Structures are given as structure tokens and as C-alpha cells.
Colleague: 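Quick one: structure below, then a few questions.
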Amino acid sequence: MEKGKFIVLEGIDGSGKSSQVGPLVRRLEGLGVSCRETREPTGGPVGSLIRQIFTGRVTADNRVIAALYAADRIDHLVNEVDGLCAAVDRGITVVSDRYYFSSYAYHSVDVDMDWVIGANALSAQLLRPTLTVFLDVPVDTALERIHKNRFVEEIFDGADRLRKTRELYFRAFERLKGVENVAVVDGTGTQDEVAARIWAAVEPCFR
């Protein structure tokens with residue numbers, strides 16, 4: 001059986017990637033591709049703890065958060081209920097809202113990038129994305145969207161931190177050039193315009 005693809009949508013908070021996962025899955029399903037969508041942090045026990053930290057219900061050092069993300073990601077891949085590795089092996093294409101490039105960018109604000117990449121090395125070995133699509137938007141645009149659509153401001157949503165995170169995404173892309181397949185897509189414009197740009201990047205993976 002041919003393995004499924006693993007497509008990841010990345011971007012700073014407010015980039016619009018979360019709203020693009022569903023349309024991409026539906027487009028693939030319309031072509032007869034067996035798909036499932038997912039996101040990180042997960043709804044599992046470690047992911048649930050991360051979400052409580054984000055909303056301030058639990059406090060933790062940013063280095064602890066980086067380690068929790070690495071643990072949640074491995075569980076996301078290998079847990080016996082709905083692990084991604086088994087799904088891809090069965091021929092299912094998975095579209096994920098975030099994967100390890102999120103850690104490389106967000107956590108390297110506080111922790112050396114070498115450590116973050118090393119902490120996620122097992123995930124990279126287990127399941128490397130067929131394609132990572134990065135939705136690039138100006139930080140001011142991202143902040144406008146965040147403030148419009150959220151009731152709780154999460155710990156990673158400050159303007160200075162988002163600017164640094166965007167810079168670190170591109171540093172990680174350059175560092176892993178030739179190892180990772182990354183497409184940078186303009187995330188500004190209407191949802192349909194952005195969806196068309198994403199499809200232009202993703203479609204070659206299914207030829």
C-alpha cells in the first residue's frame with residue numbers, strides 16, 4: 001500500500017493557517033484522497049496541559065513548555081489510538097496545523113535552537129513532512145486578526161515576540177535547507193486567495 005502524504009501548515013499566530021486546514025482537506029477529499037486533519041498541541045494529556053499553560057491556568061517556564069511540546073509531538077505520532085505514523089502507513093494523507101517548525105521558531109526565542117532541534121529529532125526521524133507550507137503575513141496584520149478573533153491573549157501573542165518568532169522561522173528554514181521541503185506562501189488577502197496559493201504549492205505532491 002502506498003503511504004499517505006504529510007502536509008503541515010505553519011505560521012505565526014494570526015497567519016490564518018488554522019482556517020486553511022479544512023478547505024485543503026476538503027479539496028483533497030474531492031480528488032479522492034483519503035485524508036484526516038489534526039493540530040498541535042494535541043487534545044491528548046500532554047497537549048491539554050500545554051493549552052492550560054497558554055491560557056494562564058497553569059504556570060511553567062518556557063523551557064518546560066519546549067520540552068512538553070516535544071513530548072506531545074512524539075505521542076501525536078506513535079500513540080495507539082490515532083497516531084499519525086500508523087495513519088500515514090495505511091495510506092491516509094494527514095494535514096496538520098503546526099508541527100516541529102513551530103517549536104524551532106517559538107521556543108528558540110527562549111532556548112537555543114540547537115537544543116530545540118535536538119529535542120525534536122525523534123519526531124523528524126519518525127515522520128518528516130512531505131511539505132511544510134508557511135503562511136507569511138506582516139506581524140501587524142497577524143495582531144489585528146488575533147485581537148479580532150480571540151477572547152484570551154495567549155502567552156506567545158505579544159508583538160515583539162511574534163516578530164522574533166517570524167525571524168526564527170526563516171532562520172530555521174535556511175538552516176534546514178536541503179533537508180526539509182518548505183514553501184513560503186503569501187498569507188494576506190481573502191481566504192479563497194490564500195487557499196489558491198496553498199493549493200498551488202501542495203498540488204505537485206499529488207501528481
Side-chain angles (χ1 to χ4, degrees), residues 6 8-22 36-85 94-124 126-127 129 132 134-135 137 139-173 187:
F6 183 36
V8 177
L9 299 189
E10 285 281 4
I12 61 174
D13 285 356
S15 63
K17 59 176 180 42
S18 298
S19 64
Q20 291 292 341
V21 173
R36 61 174 276 199
E37 61 181 270
T38 190
R39 67 173 184 163
E40 293 186 350
T42 71
V46 183
S48 296
L49 175 58
I50 293 171
R51 293 181 187 282
Q52 292 181 65
I53 294 170
F54 278 178
T55 56
R57 293 178 62 190
V58 176
T59 58
D61 184 271
N62 285 324
R63 292 163 292 188
V64 174
I65 297 171
L68 286 171
Y69 256 100
D72 184 47
R73 188 162 291 124
I74 294 171
D75 182 60
H76 198 190
L77 295 174
V78 304
N79 79 80
E80 295 181 356
V81 177
D82 58 358
L84 301 189
C85 289
V94 175
V95 179
S96 182
D97 178 353
R98 298 201 181 282
Y99 194 47
Y100 48 62
F101 268 110
S102 284
S103 284
Y104 299 166
Y106 277 88
H107 301 146
S108 293
V109 176
D110 306 292
V111 184
D112 183 76
M113 188 178 284
D114 286 338
W115 186 92
V116 181
I117 291 174
N120 287 276
L122 180 57
S123 292
L126 288 167
L127 186 61
T132 297
F134 177 75
L135 296 188
V137 298
V139 169
D140 289 345
T141 299
L143 286 170
E144 287 176 10
R145 293 175 177 176
I146 289 169
H147 294 149
K148 179 180 179 181
N149 296 318
R150 296 189 191 175
F151 295 102
V152 177
E153 184 166 346
E154 295 180 349
I155 60 174
F156 289 149
D157 286 346
D160 290 342
R161 191 176 186 98
L162 283 181
R163 289 189 183 94
K164 182 63 175 177
T165 300
R166 181 180 176 277
E167 293 172 5
L168 287 166
Y169 263 114
F170 283 98
R171 188 182 303 176
F173 295 153

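Given the structure is predicted, the values throughout are model-derived calculations rather than measurements. Heads up: numbering here begins at 1 and tracks the sequence.
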Colleague: Given the rule in the side-chain hydrogen bond (donor to acceptor under 3.5 Å, both in side chains) test, do S102 and E10 qualify, once you have shown the distances and angles that lead to the verdict?
Modeller: CA-CA 7 Å; S102 284; E10 285 281 4; 2.5 Å; yes
Colleague: Is the shortest heavy-atom distance from the side chain of F101 to the side chain of V8 under 4.5 Å?
Modeller: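 When only atoms from C-beta onward are counted, V8 and F101 do not touch, as no gap falls below 4.5 Å.
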Colleague: With a 4.5 Å cut-off on side-chain heavy atoms, are I53 and T59 touching?
Modeller: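 No, every pair of side-chain atoms sits at 4.5 Å or beyond.
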Colleague: Which word best sums up how the rings of H107 and Y69 line up, parallel for under 30°, tilted for 30 to 60°, or perpendicular for over 60°?
Modeller: tilted
Colleague: Could you list the donor-acceptor pairs under 3.5 angstrom formed between side-chain atoms of residues 43-52 and any protein atom two or more places apart in sequence or on another chain?
Modeller:
{"unit_1": "S48", "atom_1": "OG", "unit_2": "G43", "atom_2": "O", "d": "3.3"}
{"unit_1": "S48", "atom_1": "OG", "unit_2": "G44", "atom_2": "O", "d": "2.8"}
{"unit_1": "R51", "atom_1": "NH2", "unit_2": "P41", "atom_2": "O", "d": "2.2"}

Colleague: How long is the straight-line distance from CD1 of I65 back to CG of D110, given to the nearest 0.5 Å?
Modeller: 8.0 Å
Colleague: First locate atom CG of L9, then atom CG of D97, and finally report the distance between them rounded to the nearest 0.5 Å.
Modeller: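 Going from CG on L9 over to CG on D97, the span is 7.0 Å.
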Colleague: With a 4.5 Å heavy-atom cut-off, do Q20 and L135 have their side chains touching?
Modeller: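 Counting from C-beta outward, Q20 and L135 do come under 4.5 Å.
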Colleague: Check the orientation of Y169 and F134. Use parallel for under 30°, tilted for 30 to 60°, and perpendicular for over 60°.
Modeller: tilted
Colleague: Apply side chain to side chain donor-acceptor pair (under 3.5 Å) to N120 and list each qualifying residue two or more places apart in sequence or on a separate chain.
Modeller: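 With sequence neighbours excluded, N120 shows a side chain to side chain donor-acceptor pair (under 3.5 Å) to R73, given in chain and number order.
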Colleague: Determine, step by step, whether D13 and R161 satisfy the salt bridge (charged side-chain N to carboxylate O under 4.0 Å, His left out) criterion, reporting the C-alpha distance in whole Å, the side-chain angles of both residues, the deciding distance to 0.1 Å, and the verdict.
Modeller: CA-CA 11 Å; D13 285 356; R161 191 176 186 98; over 6 Å; no
Colleague: Run the salt-bridge test on D112 and R63 with the 4.0 Å N-O cut-off and return the result as yes or no.
Modeller: no
Colleague: Given 3.5 Å as the limit, does a donor-acceptor pair link the side chain of S108 with the main chain of A105, or not?
Modeller: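 Not a single qualifying donor-acceptor pair exists.
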Colleague: Nearest 0.5 Å, please: how far is CG in D160 from OG1 in T165?
Modeller: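 It comes to 10.5 Å.
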Colleague: Please step through salt bridge (charged side-chain N to carboxylate O under 4.0 Å, His left out) for the pair D140 and R145, ending with a clear verdict.
Modeller: CA-CA 9 Å; D140 289 345; R145 293 175 177 176; over 6 Å; no
Colleague: For a 4.5 angstrom cut-off between non-hydrogen side-chain atoms, does L127 reach H76?
Modeller: no
Colleague: OG1/T132 to OH/Y99 distance, rounded to the nearest 0.5 angstrom?
Modeller: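 The OH atom of Y99 is 9.5 Å from OG1 of T132, to the nearest 0.5 Å.
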Colleague: Can you find a heavy atom in the side chain of V21 that is under 4.5 Å from one in the side chain of V95?
Modeller: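 In short, these two side chains touch, coming nearer than 4.5 Å.
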Colleague: Looking only at heavy atoms, what is the nearest atom pair of S19 and G16, with distance?
Modeller: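 Looking at all heavy atoms of both residues, the shortest contact is OG-O, 2.8 Å.
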Colleague: Would you give the length of the straight line joining atom CD of E40 to atom CG of D72, rounded to the nearest 0.5 angstrom?
Modeller: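 So the CD of E40 and the CG of D72 are separated by 6.0 Å.
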Colleague: I need the S123 OG to I117 CD1 distance, nearest 0.5 Å.
Modeller: 13.0 Å
Colleague: Would you tell me whether N62 and Y106 have side-chain atoms, one donor and one acceptor, within less than 3.5 Å of each other?
Modeller: no
Colleague: Taking all heavy atoms of I12 and all of V137, pick out the closest pair and write down the distance.
Modeller: CD1-O, 4.2 Å
Colleague: I'd like to know whether V139 forms a side-chain contact (heavy atoms from CB on, under 4.5 Å) with E144, so could you lay out the CA-CA distance, the side-chain angles of the two residues, the decisive distance to 0.1 Å, and finally the verdict.
Modeller: CA-CA 9 Å; V139 169; E144 287 176 10; over 6 Å; no
Colleague: Are any side-chain N or O atoms of R166 and backbone N or O atoms of G11, one a donor and one an acceptor, separated by less than 3.5 Å?
Modeller: no
Colleague: Please check if atom CZ in R36 has more than 12 non-hydrogen atoms from other residues, nucleotides or ligands closer than 6.0 Å.
Modeller: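 Correct, the count exceeds 12.
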